[in-house]
Amino acid sequence: MNIDALLLCLSSSACATTQISTAFIIGMLLFLVASGLSLIFGVLNVTNFAHGGLYMLGAYFALSTYTVTSNFWAALAVAAVATGLVGIALERLIISRIYGADLLMQLLVCYALTLIMDDAIRFIYGSDYKMMGMPDAFALPPIAIAGGFIPAYYLFMIAASAVAGLLLWFTINRTRFGKIVRALAINPSMVSVLGINTTLLYAIVFGVGSGLAGLAGGLAAPIRTLTPGMGLSFLLDSFIIIVIGGMGSIGGAFVASILVGFIKALGAIGFPLFTDGLMFAIMAVVLILRPQGLFGERSAR
């Protein structure tokens, strides 16, 4: 551990600004992935281990679209929409067949989907690392904040992730559709009796969750190296986040994502060899003291 280096960094406004911005960048991207995963689990009660693969697909969809059009906004839209459509197809063809199945069956099926997506990407794009590069619209000088310099694209990523998260929260908590989705999570039989097409709702929920993962992949594409299997680390972090924040809680996913972002950003300086260990330790403490998560509710199922 190197606590002295961490304290020295935090005492410098330039270093502190850089690390705090890095924490928010990591945290907000994780929030998009984790909120989609939490939504799927909360409503469909499926442990979607293929969610990291959907994040990877979003990044490659963005890369392909940007290569053809040179339009970043089109690339971002295609990443979210195309990944959402892939998610709907997977839900209708495969995931719907394991509703109510035991956890092991769900993990095996979803892990198989992850391997299929990884190999499909490898077959289409090859195993070489790919780089999308910074879009021309964001080829700007870094913005000076509190003595530090933050690239304009980083600020856009944070803002875009926050807006997407707010829209999801508002939809789930303040709209009629959100009320139906929450009712579906609690009592799907009653929702069906009321004449609502629950099959369509399941597909929409899975598609929205997948689209959020694809959006995160599209946002990450300009600054990350793309490679088959790149979604695995995000998937593991997302599971830690929804355990800490609470299954099905969008607010909990946000708080836990920012917490994990700070652990990763500050841990890279202060305790680089124990960053992952600290995340798992916090998760273990939450499971012991509050098994439903910080913002979760005890399941009535």
Side-chain angles (χ1 to χ4, degrees), residues 21-41 48-66 72-88 90 110 114 117-118 121 130-132 134-135 138 151 153-169 171 205-242 245 250 252-261 264-265:
S21 66
T22 300
F24 274 101
I25 291 164
I26 296 171
M28 294 308 291
L29 281 179
L30 283 173
F31 169 60
L32 283 181
V33 179
S35 60
L37 182 62
S38 183
L39 178 66
I40 290 172
F41 181 88
N48 183 22
F49 205 74
H51 207 68
L54 294 168
Y55 162 79
M56 174 191 68
L57 287 184
Y60 276 94
F61 281 140
L63 171 66
S64 298
T65 305
Y66 188 74
F72 172 69
W73 307 110
L76 202 57
V78 169
V81 174
T83 307
L85 293 175
V86 170
I88 291 174
L90 291 178
C110 292
T114 298
M117 285 188 280
D118 286 349
I121 290 296
K130 304 290 183 182
M131 287 291 295
M132 177 173 159
M134 186 60 62
F138 293 97
Y153 184 72
Y154 286 9
L155 295 176
F156 166 74
M157 287 174 59
I158 295 172
S161 301
V163 169
L166 283 173
L167 286 175
L168 177 64
W169 178 86
T171 301
V205 168
F206 200 93
V208 170
S210 301
L212 288 171
L215 177 61
L219 287 170
I223 60 171
R224 288 205 63 185
T225 301
L226 277 59
T227 181
M230 63 181 286
L232 180 59
S233 62
F234 261 60
L235 175 68
L236 295 176
D237 291 342
S238 296
F239 273 113
I240 293 174
I241 286 167
I242 62 175
I250 304 302
F254 173 77
V255 173
S257 296
I258 298 301
L259 174 63
V260 169
K264 284 182 170 291

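Using a distance-only test at 3.5 Å, with no hydrogens or angles considered, a donor-acceptor pair links the side chain of Thr114 to the main chain of Phe49. In this structure, the side chain of Tyr153 engages the main chain of Leu219 through a donor-acceptor pair within 3.5 Å. When atom types are taken as modelled, the side chain of Tyr55 and the backbone of Leu215 share no donor-acceptor pair closer than 3.5 angstrom. Between the side chain of His51 and the main chain of Val33, a donor-acceptor pair closer than 3.5 Å is present. Side chain of Ser38 to backbone of Ala34: no donor-acceptor contact under 3.5 angstrom is found.
Atom CG in Leu32 sits 12.5 Å away from atom CG in Leu37 (nearest 0.5 Å). Atom CG of Leu212 sits about 4.5 Å away from atom OG of Ser35, to the nearest 0.5 Å. Atom CE of Met56 and atom CG of Leu226 lie 9.5 Å apart (nearest 0.5 Å). Of the inter-residue distances, the one linking Leu90 atom CG with Leu85 atom CG reads 11.0 Å to the nearest 0.5 angstrom. Taken to the nearest 0.5 Å, the OG atom of Ser210 stands 9.5 Å off from the CG atom of Leu57. Going from atom CG of Asn48 over to atom CG of Leu235 covers 8.0 Å, rounded to the nearest 0.5 Å.
Listed here is the closest heavy atom pair of Phe31 and Ala253: CD1-C, 3.8 Å. When all heavy atoms of Gly229 and Asp118 are compared, the pair lying nearest together is N-OD1, 3.4 Å. Minimum heavy-atom separation, Ser161 to Met28: CB-CB, 3.5 Å. Scanning all heavy atoms of the two residues, the minimum distance from Leu63 to Lys130 falls at CD2-CB, 3.8 Å. Minimum interatomic distance between Ile241 and Ala256 (heavy atoms only, all atoms of both residues): O-CB, 3.4 Å. Here the closest non-hydrogen pair linking Ala79 and Gly58 is CB-O, 3.3 Å.
Contact of the Met134 side chain with the Ile223 side chain is registered, since non-hydrogen atoms from C-beta on lie closer than 4.5 Å. Here the side chains of Met117 and Tyr60 are not in contact, with every heavy-atom distance at 4.5 Å or above. Residues Ile88 and Phe206 fail the side-chain proximity criterion, which asks for heavy atoms closer than 4.5 Å. Using a 4.5 Å heavy-atom threshold, the side chains of Val81 and Phe61 count as separate. Residues Phe138 and Phe72 are in side-chain contact: their nearest non-hydrogen atoms beyond the backbone lie under 4.5 Å apart.
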